[in-house]
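Computed over heavy atoms, backbone and side chain alike; hydrogens, waters and symmetry mates excluded.
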Amino acid sequence: MENTEKTSVKGLVDNITYSNPDNGYCICSIDCEGEEITLVGCIPGISEGEYIFAEGKWTTHPTYGEQFSVESYRRELPATTEAILSYLSSGVIKGIGPVTAKRIVDKFGEDTLKVIEEHPEYLSDIKGISPKRVTEISESFKNQYGMRQVMLYFEGMLSPRLSLKAYKKWGNASVDVLKNNPYLLCEELDGIGFEKADAMAKKIGFANDSHERISAGIKYMLSLELNRNGHCCVPLATLISRTSTVLMVSREEIEDVIAMLSQSGELVAVKSAEGDIQVYLENVYRTEKYCAEKLLLLDEAATNIPIENIDKEIDKVELASGIQFAPLQRVAIKNSVTRGVVIVTGGPGTGKTTVVRAIIELLRKIDIPFCLAAPTGRAAKRMSAATGHKASTIHRLLECKSTGGDEDAAIFGRDEDNLLDEEAIIIDEASMVDVFLFCSLLRAIRPGARLIIIGDADQLSPVGPGEVFSDVIKSDCFMSVRLNDIFRQAQGSSIVTNAHLIKDGRMPITDNSADYFFLQRAKSPELRSLVAELCTKRLPKAYRFDSLSDIQIICPTRKGDAGTVSLNVLMQGILNPPSPGKPEHKVGETVYRTGDKIMAVRNNYDIEWQDDDGKKGYGIFNGDIGIITEIDKAEQCFGVKFDDGRQALLDYASFDDIEHAYAITVHKSQGSEYKSVIIPLMDCPPGLLSRNMLYTAVTRAEKIAILAGRSETVADMVSNARKNPRHTGLCRMLMLVKNKRYPKKEEE
């Protein structure tokens, strides 16, 4: 049991059992008035011989007993000769080992650290310390002192973990840099929001209307719209109004700073097709612009194919497959091997997979090397099964690498300097690819290669920023084929039939066929009981489905009795209850235990994984689902096996980047397919009761789709065709770049 009461301890650090320099996690013991106390937590840079004051809570480890979990701390350099000797002997100062430490302390006694800091040249009087070594010792001590100053400066304002981030970013200059502009914390460090930087700035004395504050507030609003709502840009009037409200400064002041930031290149303001001004963060504008230019380059640079009569070759593929292609399928197949960029879109049962298989056969016939990829591991796995050819995630295709902990964006091994070898790239589930990942993909494709983009334009927007798939189709700059016919093999599926009815604004047929069911429940307790029974008893018994891997609860909302948060608590209690043999870890009010189904909710590019074949790589991504395989309290880490076979070991800090996944939102389900989905429909915010929300949820089902709840909610969703349009500029940029390259002749 954990003691929730906050308290403090103090003492001399006499032993460090474990220390991770990357995240600051440490296990050490202190001598507290003769009593040995074990400290655990983020204590970066701590060394034996230092005196530490720590605040936190007492916890009990099942193996190691009582420990003190550190939440904040401050430390002092050792003052006695004995403590100084212990401090220097620990190896904390590069160039000083136990023997040298004793010689230094024997000569300078309690003045040792003062000498090292103020007069390091005195050390050259000691046997074995050369001038070069003196310099090494001095620089190492300054680095240690610098980290200590940063921790001291941020005490009470930032957690030790975030303080360590600041030190890693700016080093010994951190205090001076942040005294001049504390808003750099939220502008340049991931995980530190505007509010925290603003609170710090006010403590330091920054005025409410300071340029630094207004500038950071504007960028914060743009980042918020980017990451929360997917907008690549924001209308100028909206940006001014919202920033003025949040910062409580005049609109005129906001407008003046936007003009200055635009002039300096930190923001980009462009006129939209509707005539209003849209404002971008510079890197987002550059990303969309690159996508437009590279797409058009790929389209015009496509190499000629070595086939004299492409239609005859398609006939041969058709004959070999035993499937007669529909006219639009033939158009999609033909153009995919003759053009540089082709988009194929269509709902379930319209033959997208048939098109992909035919394209693959043609590419093989003419010896064009190709690759298949999708945004998620589940989608890639499904693509492999459907085509018989290996598919990977886009991140894996691009050889995602560790960032070394210093970046909040992916580093890929494949880019302009190391282009993909393949001459045809086929991307499935493209509707969920955000603008940053799409840009990284384009950077790695060699001019002359073909890009075939497959997806469903009627699904929800991607979880990440942008609206790439829709924008590329809307621009009308490329060959785009929309498949509409539902084929005979799909016509027998009520899932497919009802998905198309929903898409067209018609109520689904609720005759409870073999694969589509609607179960009416008017009250939340009844609905929750039904969901639990379906997941744990009825579906496993009737179809031999596994409750964890084959069945997925998908909700429009996180909130309420039928939302993901509440249903996750319910399902964890039923499917993975606590037991003495299951280690667990509590984060806030949430308990995670071995055997839990979880989902990553943020990208982490530095986590190393290994798959079932022994291959290794980096990166766990937003939407990845897996099972917690172990929780190691001694090492403060936990293991996860993801559903695509990757296994990874994560530190305790990564609990902040996961959620339970017994129930997930419709947005998080994109790109994945499950044998059975259960969709609870009860009260939820009106903005989430939309047609494409329901359509996306239903199309996640491979064999069984079950809607449960109120029929009125289904009707509300079907009748609501309103989409929340995203502010993006890719469509306009594509048209502008194309018109610039191929200007239309003016009519006489």
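Closest approach of I93 to I137, counting heavy atoms only: CG2-O, 3.7 Å. Of all the heavy atoms in Y618 and F621, the pair that sits closest is O-CZ, 4.1 Å. The shortest non-hydrogen separation linking H727 to C233 is CB-O, 3.0 Å.
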Subject >> Step-by-step side-chain hydrogen bond (donor to acceptor under 3.5 Å, both in side chains) determination, S461 to E467 >> reply: CA-CA 6 Å; S461 300; E467 195 87 81; 2.8 Å; yes
**OP:** Start with the C-alpha distance between L178 and W170, add both sets of side-chain angles, then the distance that settles side-chain contact (heavy atoms from CB on, under 4.5 Å), and finish with yes or no.
**Re:** CA-CA 9 Å; L178 295 172; W170 295 292; 3.8 Å; yes
Original post:
Which is it for K10 and E33 under the salt bridge (Lys or Arg N to Asp or Glu O under 4.0 Å) test, yes or no, and what are the steps along the way?
Top reply: CA-CA 9 Å; K10 57 185 178 180; E33 298 179 352; 5.7 Å; no
**OP:** Please assess H395 against L437 for the test side-chain contact (heavy atoms from CB on, under 4.5 Å), listing each intermediate value before the final yes or no.
**Re:** CA-CA 8 Å; H395 283 92; L437 182 58; 3.8 Å; yes
**OP:** Report the C-alpha distance between F108 and I116 in whole Å, list the side-chain angles of each, state the deciding distance to 0.1 Å, and finish with yes or no for side-chain contact (heavy atoms from CB on, under 4.5 Å).
**Re:** CA-CA 10 Å; F108 300 111; I116 294 174; over 6 Å; no
Original post:
Run the side-chain contact (heavy atoms from CB on, under 4.5 Å) check on I394 and V433 step by step: do they pass?
Top reply: CA-CA 9 Å; I394 298 174; V433 180; 4.0 Å; yes
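Checked against salt bridge (charged side-chain N to carboxylate O under 4.0 Å, His left out), D434 has no partners two or more places apart in sequence or in another chain. Scanning for side-chain hydrogen bond (donor to acceptor under 3.5 Å, both in side chains) contacts around T243 gives an empty result, with sequence neighbours left out. Qualifying ring-ring contact (aromatic ring centres under 6.0 Å, His included) partners for H119, counting only residues two or more places apart in sequence or in other chains: Y122. When the side-chain hydrogen bond (donor to acceptor under 3.5 Å, both in side chains) test is applied to R726, no partner is found at least two apart in sequence or on another chain.
Between K132 and E136, no side-chain nitrogen of the basic residue sits less than 4.0 Å from a carboxylate oxygen of the acidic one, so the salt-bridge criterion is not met. Salt bridge status for E659 with K668: absent, with no side-chain N to carboxylate O gap under 4.0 Å. Between E293 and K289 a salt bridge is recorded (basic side-chain N to carboxylate O distance below 4.0 Å). Between R213 and D209 there is no salt bridge, since none of the side-chain N atoms of the basic residue sits less than 4.0 Å from a carboxylate O of the acidic one. Using a 4.0 Å cut-off between charged nitrogen and carboxylate oxygen, K219 and E266 count as a salt-bridge pair.
A side-chain donor-acceptor contact under 3.5 Å links E288 to the backbone of G729. Here the side chain of N603 pairs a donor or acceptor atom with the backbone of N622 at under 3.5 angstrom. No donor-acceptor pair closer than 3.5 Å links the side chain of N180 to the backbone N or O of V177. Panel note: side chain K294, backbone I445; a donor-acceptor pair is recorded below 3.5 Å. Although no hydrogens or angles enter the test, the distance criterion places a donor-acceptor pair under 3.5 Å between the side chain of S244 and the main chain of V249. For the pair S89 (side chain) and L85 (backbone), a donor-acceptor distance under 3.5 Å is present.
Ring geometry for F68 against W58 counts as perpendicular: the plane angle is over 60°, on a 0 to 90° scale with 30° as the lower cut.
The side chain to side chain contact (heavy atoms under 4.5 Å, CB included) with I218 is formed by just one residue from the set L281, L239, V234, I240; it is L239. Paired with H585 under the rule ring-ring contact (aromatic ring centres under 6.0 Å, His included), one option of F638, Y652, Y592 passes, and it is Y652.
Sorted by first and then second residue, the ring pair (Phe, Tyr, Trp, His ring centres under 6.0 Å) pairs with a member in residues 247-285 read Y280-Y285; sequence neighbours excluded. Evaluation of the ring pair (Phe, Tyr, Trp, His ring centres under 6.0 Å) test over residues 204-223, restricted to residues two or more places apart or in two chains, returns F194-Y220.
Geometrically, R443 engages Y290 in a cation-pi contact defined by less than 6.0 Å to the ring centre and at most 45° from the axis.
Using modelled atom types, one finds a donor on one side chain and an acceptor on the other under 3.5 Å when comparing T100 with R133.
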